[in-house]
Every structure is written in structure tokens, then in C-alpha cells.
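Atoms within each ligand, like the ligands themselves, are counted from 1 in listed order. Quick caveat, the model's predicted, so the values are computed rather than measured. Just so you know, residue 1 is the first one in the sequence shown, and it goes up from there.
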Amino acid sequence: MSALRITYYSADFDEATWIPGLQAALPGAAVSLWQPGAPTADYAVVWKPPQQMLDEQRDVRALFNTGAGVDALMALRLPEGVPVIRLDDAGMSVQMAEYVCHAVIRHFREFEGYEADMAQGKWSFRKPRSRLDYPVGVLGLGVLGERVAKAVAQFDFPVNGWSRSPKALEGVQCFHGAAQLHDFLAASRIVVCLLPLTPETDSILNARTLAHIRPGGYLVNVARGAHVVDADLLAAIDSGHLAGATLDVFRVEPLPKGHAFWTHPKITITPHTSARTLRAESIAQIARKIAALQRGQSVAGLVDAGRGY
Ligand code: NAP
Ligand code: GLV
């Protein structure tokens with residue numbers, strides 16, 4: 001029997017470590033970097049591949065996405081009938097929980113203000129805030145959103161969650177569907193975006209929806225930049241309706257020089273780093289799934305191309 005052939009391409013990750021890593025995890029396979037015109041492999045492991053790769057690798061048994069979000073893949077013409085499998089946590093949910101809890105607590109406890117005061121040699125106290133006045137709303141209750149909602153609830157914040165289908169999560173008031181978005185936002189003061197980017201969620205945080213967040217609200221976007229209409233967010237902050245934002249993702253990345261988010265005093269930015277793809281965990285997960293598919297078993301993380309996530 002001939003060796004399994006795995007083809008690898010990533011726009012961002014280093015093939016010099018991923019290819020030997022995949023090879024070590026799949027000893028019987030032949031893993032190689034995709035080149036234009038390469039023969040069809042059995043499986044493709046990709047991140048933001050060129051359309052040409054998908055057009056040529058039409059007969060792969062599955063496409064593995066080396067990230068959680070599949071929006072870049074969904075924007076391409078996919079080989080018909082080939083399952084797309086996303087990373088299913090692989091060490092991301094704990095990173096996301098850390099990042100979001102840090103952003104929520106930093107804002108709630110006014111640490112930024114204290115840092116500024118201390119830097120000026122000022123020994124100051126601010127009136128303690130009540131966490132009941134800071135309900136946290138998590139948009140998206142999937143692999144990452146559920147972990148984040150539960151982590152935030154551990155700090156006794158009231159927590160709301162919004163998903164497409166109805167959910168019941170202990171310690172989280174759950175809302176679902178477009179009809180309940182308004183009520184979800186009106187019940188939340190710190191809003192965390194953990195939605196996939198799909199035609200339904202593109203620009204979902206705009207002037208109309210931001211206006212529904214409780215006055216003095218705060219946005220944490222760790223999903224995709226295109227969820228937010230930048231000008232509407234800036235206007236909501238500059239009008240005083242929102243107190244500020246922490247943004248990890250942007251419409252254009254790297255964030256273009258001169259963009260207002262770089263210097264806005266009420267906006268904290270990070271370079272798309274809230275939950276990184278961890279190479280060892282991700283390779284182990286992909287290798288386990290390839291072995292399961294080879295045995296004819298089903299695997300978690302199957303993307304529904306119709307829904308776009
Ligand atoms: P997931 O498991 O697919 O969960 C998505 C959640 O969003 C689900 O709860 C889903 O509802 C909900 N949803 C989708 N469309 C909706 C709609 N139209 N209305 C209401 N709810 C909707 O995704 P995940 O693994 O948690 O990841 C979420 C996103 O995080 C990724 O797609 C990616 O863009 C982003 N991400 C960012 C980073 C970073 O470093 N910044 C890292 C990893 C991931 P149902 O439960 O009803 O299906
Ligand atoms: C990162 O943004 C991912 O989707 O994994």
C-alpha cells in the first residue's frame with residue numbers, strides 16, 4: 001500500500017517546522033510543501049491557501065484548516081464535497097479566556113487609569129465599581145465563546161451569551177437568534193465578540209447595534225476585524241456612549257499606519273494574538289483526526305459550508 005500523501009501550505013506559519021512536525025506525527029505518510037502543479041495528495045493542511053491550490057487538489061479526502069476561523073477558506077472556491085475541518089480548541093480556548101478576562105478586569109478595575117496615575121507619582125483611589133453594573137455579554141458561544149463566558153463568570157460578573165441556536169449554560173443568561181440580539185446587547189455593558197465571520201455576522205457591530213449596548217459600555221473584539229464598522233465604533237466612543245475598546249483583530253492586518261485605532265486614547269490594540277495556533281497541539285490534533293478518518297470514523301470540527309463556520 002502506498003504512503004498517505006499530505007500536502008501543506010500556509011500563508012503565515014513556518015513550513016520549516018510544520019512539515020517535520022506533521023511528518024513526525026504521521027510516520028507512515030509523505031508530507032510535503034504544496035507547489036503549483038504538485039500531484040493530488042490524500043489530505044491538505046492549509047492556512048489561507050491560494051485558489052490555485054484548491055483548484056489543483058480537488059481529490060483530497062479532507063482539508064484541514066490550521067486555525068479556528070475558516071472565513072479565509074470560505075471566501076475561496078472549495079473542491080466540491082471535500083470536508084473542511086477546523087482546529088477544535090487545540091489550546092486556543094485557554095488563551096482566549098486569559099486574554100478576555102484580562103481585558104474585562106483591566107477595564108472594570110480601571111488599571112489603565114491607575115497605571116497613568118502611578119507613572120505621574122500620583123497615589124490615587126477610585127471608587128470601587130459594582131460588578132452588577134458591568135454585565136459581560138459574549139457574542140458567540142462556540143468552542144471559544146463558551147470557555148470565555150464560563151471564565152468571566154468565575155469572577156462573579158453577570159454573564160450573557162448570544163448564539164445562533166438556543167443554549168443552556170450554567171451561570172450564563174443565554175440569548176439566541178437575530179430576534180434576541182437587541183435584548184442581549186441591552187443587557188450587556190462589556191461586549192466580547194467571538195463570532196465567526198460569515199455573511200450574517202459581517203459588520204454586525206455597527207452604529208445601530210453599538211447604540212443598544214448599555215451606556216458607558218466597552219467592546220472587546222477578538223474574532224475578526226470585519227465584525228466591526230470602524231467609523232461607527234470611533235463615533236460611539238467619541239460621543240461618550242462607549243467608554244472604550246480592546247481590539248485584537250482588524251479589517252486590514254497589519255493595521256495600516258495612520259489608522260485612528262493606533263493612537264486613540266480609549267482604544268487598546270494587540271496584533272491578532274489573543275489565541276495563537278499552537279504548533280504541537282495543532283499537529284497532534286490534525287494527526288489524530290487523519291488517523292480517525294482513515295479508520296472511517298467521524299471527527300469533531302467539521303465545518304458546515306452552508307452556514308460558513
Ligand atoms: P465556533 O465554535 O464555530 O462558534 C461560533 C459561535 O458563534 C457559535 O456559538 C455559533 O452559534 C455562533 N454564531 C455563528 N453565527 C451566528 C449568528 N449568525 N448569530 C448568532 N450566533 C452565531 O467558533 P470558535 O472556535 O468559538 O471561534 C470563534 C471565532 O473566533 C473564529 O471563527 C475566529 O474568527 C475567531 N478566532 C480569533 C482568534 C484570535 O487570535 N483573535 C483565534 C481563534 C479564533 P451556534 O452555537 O448556535 O452554532
Ligand atoms: C485565528 O484567528 C484563528 O481563527 O485561528
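- Close contacts between ligand 1 and Asp248 involve ligand atoms 39 (C), 40 (O), 41 (N) [criterion: under 4.0 Å to a heavy atom].
- Scanning the protein heavy atoms around atom 39 (C) of ligand 1, the nearest turns out to be Ser274 OG, 3.3 Å.
- Taking only non-hydrogen atoms, the option from Val143, Asp88, Val249 nearest to atom 2 (O) of ligand 1 is Val143.
- In terms of protein heavy-atom proximity, atom 15 (N) of ligand 1 is nearest to Tyr309 CE2, 3.7 Å.
- In this structure, a donor-acceptor pair under 3.5 Å is present between the side chains of Ser203 and Arg251.
- Geometrically, ligand 1 and Leu141 share a nitrogen or oxygen pair separated by less than 3.5 Å.
- For a threshold of 3.5 Å applied to N or O pairs, the pair formed by Leu194 and ligand 1 contains no separation below that value.
- Checking Val46, Ile290, Leu22 one by one against Phe64, the side chain to side chain contact (heavy atoms under 4.5 Å, CB included) holds for a single residue, Ile290.
- With respect to Arg129 and Glu110, a salt bridge is recorded, a charged nitrogen being found less than 4.0 Å from a carboxylate O.
- Under the 3.5 Å distance criterion, with hydrogens and angles disregarded, a donor-acceptor pair is assigned to the side chains of Gln294 and Tyr43.
- Assignment of Arg276 to the shell around ligand 1 is not supported, since no heavy atom sits closer than 4.0 Å.
- When hydrogens are left out, the protein atom nearest atom 5 (O) of ligand 2 is Ala68 N, 2.7 Å; that is the closest non-hydrogen contact.
- For ligand 1, the polar-atom distance check against Ala68 finds no nitrogen or oxygen pair separated by under 3.5 Å.
- Of the N and O atoms on the side chains of Glu56 and Gln52, at least one donor lies less than 3.5 Å from an acceptor on the other residue.
- Looking at Glu146 and Lys167, no side-chain N of the basic residue comes within less than 4.0 Å of a carboxylate O on the acidic one, giving no salt bridge.
- Closest of all the heavy-atom pairs between Asn221 and Cys193 is OD1-CB, 3.4 Å.
- Centroid-to-centroid, the aromatic rings of Trp162 and Phe175 stay 6.0 Å apart or farther.
- In Thr201, the part holding a heavy atom less than 4.0 Å from any atom of ligand 1 is the side chain.
- When only non-hydrogen protein atoms are considered, atom 13 (N) of ligand 1 lies nearest to Leu195 CD2, 3.7 Å.
- Counting heavy atoms under 4.0 Å from ligand 1, residue Glu200 touches it through the side chain alone.
- Polar contact check, Ala275 against ligand 1: a nitrogen or oxygen pair lies under 3.5 Å apart.
- For atom 21 (N) of ligand 1, the closest heavy atom belonging to the protein is Arg164 N, 2.9 Å.
- Interface of Met92 with ligand 2, defined as ligand atoms under 4.0 Å from a residue heavy atom, comprises 5 (O).
- In this structure, Arg224 has a heavy atom closer than 4.0 Å to ligand 2.
- Here the heavy atom of the protein found nearest to atom 7 (O) of ligand 1 is Pro196 CD, 3.3 Å.
- Dense packing is recorded around CD of Glu253, with more than 12 heavy atoms of other residues, nucleotides or ligands lying under 6.0 Å away.
- For Gln154, the CD atom sits in a loose shell: 12 or fewer heavy atoms of surrounding residues, nucleotides or ligands are nearer than 6.0 Å.
- Only side-chain heavy atoms of Met92 come within less than 4.0 Å of ligand 1; its backbone N, CA, C and O stay farther off.
- Checked against a 3.5 angstrom limit, the closest N/O atoms of Asp71 and ligand 1 fall outside it.
- Neither the backbone nor the side chain of Thr198 has a heavy atom within less than 4.0 Å of ligand 1.
- Distances between N or O atoms of Gly140 and those of ligand 1 include no value under 3.5 Å.
- Among protein heavy atoms, the minimum distance from atom 1 (C) of ligand 2 is reached at His272 NE2, 3.6 Å.
- Ranking protein heavy atoms by distance to atom 31 (C) of ligand 1, first place goes to Gly69 CA, 3.8 Å.
- Salt bridge status for Asp156 with Arg131: absent, with no side-chain N to carboxylate O gap under 4.0 Å.
- Between Arg77 and Asp55, at least one side-chain N (NZ, or NE/NH1/NH2) sits under 4.0 Å from a carboxylate O, which counts as a salt bridge.
- Remark: ligand 1 and Gly142 share an N or O pair separated by less than 3.5 Å (distance only, no angle test).
- Among all protein heavy atoms, the one lying closest to atom 27 (O) of ligand 1 is Leu144 CD1, 3.5 Å.
- For Gln95, the heavy-atom gap to ligand 1 stays at 4.0 angstrom or more.
- Looking at Gly69, Gly67, Ala275 and measuring to atom 4 (O) of ligand 2, the nearest heavy atom belongs to Gly69.
- For the residue pair Thr209/Asn206, the side-chain donor-acceptor check at 3.5 Å is satisfied.
- Counting non-hydrogen atoms of other residues, nucleotides and ligands closer than 6.0 Å to CZ of Arg58 gives a total above 12.
- Of the polar atoms of Arg86, at least one N or O is found under 3.5 Å from an N or O of ligand 1, judged by distance alone.
- Geometrically, ligand 2 and Trp47 share no nitrogen or oxygen pair separated by less than 3.5 Å.
- Not close to ligand 2: Arg276, with no non-hydrogen atom less than 4.0 angstrom away.
- In this structure, a donor-acceptor pair under 3.5 Å is absent between the side chains of Arg279 and Thr66.
- In terms of N/O distances under 3.5 Å, ligand 1 is approached by Ser165.
- Checking Asp183 against His212 by side-chain atom types alone, no donor-acceptor pair falls below 3.5 Å.
- Residue Lys167 places a heavy atom less than 4.0 Å from ligand 1.
- For the atom pair OG1 of Thr201 and CG of Leu195, the computed distance is 5.5 Å after rounding to the nearest 0.5 Å.
- Shown in contact with His272 at under 4.0 Å from a heavy atom are these atoms of ligand 1, numbered in order with element: 39 (C), 40 (O), 41 (N).
- The existence of a salt bridge linking Arg208 and Asp232 is excluded, since no basic side-chain nitrogen approaches an acidic carboxylate oxygen closer than 4.0 Å.
- Side-chain N/O atoms of Thr270 and Tyr99 include a donor and acceptor closer than 3.5 Å.
- Summary of contacts: the protein heavy atom closest to atom 37 (C) of ligand 1 is Val222 O, 3.1 Å.
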